[in-house]
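So the structure is just underneath, and the comments pick up after that.
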There are 2 protein chains.
Amino acid sequence: MRPVPRTAILDRPLAPPRRRDSAATRGAILEAGKRQFAQFGYDRTVLREIAAEAGADVALIKRYFGGKEGLFVEALKSAIGAQDRLRGWDRAAFAREIATLMAGNPHAQEDRTQTFQFLLRAATSPSTAPLLNLAVQERFLGPIRDWLGGKESAARARVLAAVHIGFLVERLIRGKALTGPEREAFIDRAAATIQGLIDAPTPGP
Amino acid sequence: MRPVPRTAILDRPLAPPRRRDSAATRGAILEAGKRQFAQFGYDRTVLREIAAEAGADVALIKRYFGGKEGLFVEALKSAIGAQDRLRGWDRAAFAREIATLMAGNPHAQEDRTQTFQFLLRAATSPSTAPLLNLAVQERFLGPIRDWLGGKESAARARVLAAVHIGFLVERLIRGKALTGPEREAFIDRAAATIQGLIDAPTPGP
DNA sequence: AAGTTTTGTCAACAGGCATTGACTTTGCAT
DNA sequence: ATGCAAAGTCAATGCCTGTTGACAAAACTT
């Protein structure tokens, strides 16, 4: 397989020589790890590269995280941890906002999607999927379910999560953002689909 | 990271000693490759294992496919090619069938999702993403769109595909099949979501 | 200022795995 | 039967990469 050009999204920050500070170093490594794991996935991420981006030495990864897997788990936790901002979202705007996000904004910053990419990569790699199961359950599905509320919130949360993930993958495959009328149609449809999951209180028999 | 138990889905067929036959050997390798790439992903698939399952020698992989990447691409093509069976599906039953499939049958063998798993893994493999993009467009999105028909069929197809993929990933993360009432609720919701995409002729303004 | 602990650097080491090329066997045509 | 090409086997080879431990430099303590 091709070596896969290992270019960073934006040119390596190349951290200025840090004054000795274990916390800062650890943090830098974690951050670089998060980014690279998200971009390349577990297997194709090389510790030496992470160290380089963090401006640290490989050996420190072992010291601070025990090894590659330790760093990954830590990075995963850190990435998922930021998912609490769900509450406070406007129920009416949510669907369309997500849909727009998923259509891909040619100008949007990739910050938002990094977490998801991370999850996605973790999910699709057999090596890390087991690690993900619990984390997703607790910190992802749970909050969504609570936010949704109402009847069958658990099932709706599951489906919603699935749909959401699906959009991410689709976007990943597609590569580029949609434009023009196709974009509009897509957003409409996607928003409607999501909305159906948000407020469906199950008409039931 | 865990070595990832390299157990086959169903016990290795362990092909009976083949009489010398390049076509058959090539085919066996391709088949084994398809299965293992789908199960383990590119990086964690080992050529020696493929060869073993095919009852062939590693060196033959080079001879017939040029190398690992060549085999992967070939396997991908082969997997994608088998997606024509869409037409003929019952529009009424489709949604629920997919939903059920995605909930996971505790007793079923997972053959059904193998192709999709493969696609998914390929999607996250950087070097094959471009190839996949095209393939998905032509052999996946196209047929779905035609099958859907009606207004905005392209956009609906896109969303449907995304949703479908999403279910797959969710299932991948979840690992085990759902059971009991949660299963029922999930299927109901998922089916409704999919159905909404199938027959929505866009009520529009 | 000396000694100690923390932080960081460097250079192997070792395992896994794709790749290679030389060698052997089989099948087939003559 | 015999010889040649195709098919299959085998044993290196070498790279990539995570891990490790010994060493150096800084920071902190007393």
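Note on naming: letters A, B, ... go to the chains in the order of the sequence lines (proteins, then strands), and numbering restarts at 1 for each one.
Residues that satisfy the side-chain hydrogen bond (donor to acceptor under 3.5 Å, both in side chains) test with A:Arg26, not counting sequence neighbours, are absent from this structure. Listed by chain and residue number, nothing satisfies the salt bridge (Lys or Arg N to Asp or Glu O under 4.0 Å) test with B:Lys62 (two or more places apart in sequence, or in another chain). Evaluation of the salt bridge (Lys or Arg N to Asp or Glu O under 4.0 Å) rule for B:Asp57 yields no partner, not counting sequence neighbours. Legend: residues meeting salt bridge (Lys or Arg N to Asp or Glu O under 4.0 Å) with B:Glu74, ordered by chain and number and at least two apart, are absent.
Rounded to whole angstrom, the span from the CG atom of B:Asp43 across to the P atom of D:dG18 amounts to 12 Å. The distance from atom CG of B:Asp57 to atom P of C:dG21 is 15 Å, rounded to the nearest whole Å. Between the P atom of D:dG8 and the CG atom of B:Asp21 lies a distance of 7 Å, rounded to the nearest Å. The separation between A:Lys62 atom NZ and C:dC10 atom C1' is 15 Å, rounded to whole Å. Atom NZ in A:Lys68 sits about 18 Å away from atom P in C:dG15, given to the nearest Å. Note: CD1 (A:Ile50) to P (D:dT19) measures 11 Å, nearest angstrom. Atom P of nucleotide D:dT17 and atom CG of A:Leu71 are separated by 16 Å, given to the nearest angstrom. As rounded to whole Å, 13 Å separates atom P of D:dT17 from atom CD1 of A:Ile61.
Of the two residues near DNA chain C, A:Val58 and A:Tyr64, the one whose nearest nucleotide lies more 5' is A:Tyr64. Checking B:Ala59 against A:Arg26, the closest nucleotide of DNA chain C that is more toward the 5' end is the one next to A:Arg26.
When distances run from any side-chain atom of A:Leu47 to the nucleotides C:dT19, D:dG8, D:dG18, the shortest one goes to D:dG18. Minimum atom distance to the side chain of A:Arg63 is reached by C:dT7, of the listed C:dT7, D:dG18, D:dT9.
Residue A:Thr25 has no polar side-chain atom (N or O) positioned under 4.0 Å from OP1 or OP2 of C:dT7. At the phosphate of D:dG8, neither OP1 nor OP2 sits under 4.0 Å from any side-chain N or O atom of B:Ser22.
Among the heavy atoms of the strands lying under 4.0 Å from B:Leu60 is at least one base atom, whether or not backbone atoms are also near.
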Sequence neighbours excluded and cut-off under 3.5 Å, please list the side-chain donor-acceptor pairs for residues 158-167 of chain B, or say none.
{"unit_1": "B:Arg158", "atom_1": "NE", "unit_2": "A:Glu182", "atom_2": "OE2", "d": "3.4"}
{"unit_1": "B:Arg158", "atom_1": "NH1", "unit_2": "A:Glu170", "atom_2": "OE2", "d": "3.0"}
{"unit_1": "B:Arg158", "atom_1": "NH2", "unit_2": "A:Glu182", "atom_2": "OE2", "d": "3.0"}

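The aromatic rings of A:Phe94 and A:Trp147 are tilted relative to each other, their planes meeting at an angle between 30° and 60°.
Stacking of A:Lys77 on the aromatic ring of A:Phe72 is not recorded, the 6.0 Å distance cut-off and the 45° axial limit not both being met.
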Filtered N/O pairs between nucleotides 26-30 of chain C and protein, under 3.5 Å:
{"unit_1": "C:dT26", "atom_1": "O4'", "unit_2": "B:Arg20", "atom_2": "NH1", "d": "3.4"}
{"unit_1": "C:dG27", "atom_1": "OP1", "unit_2": "B:Arg19", "atom_2": "NH1", "d": "2.7"}
{"unit_1": "C:dG27", "atom_1": "OP1", "unit_2": "B:Arg19", "atom_2": "NH2", "d": "3.3"}

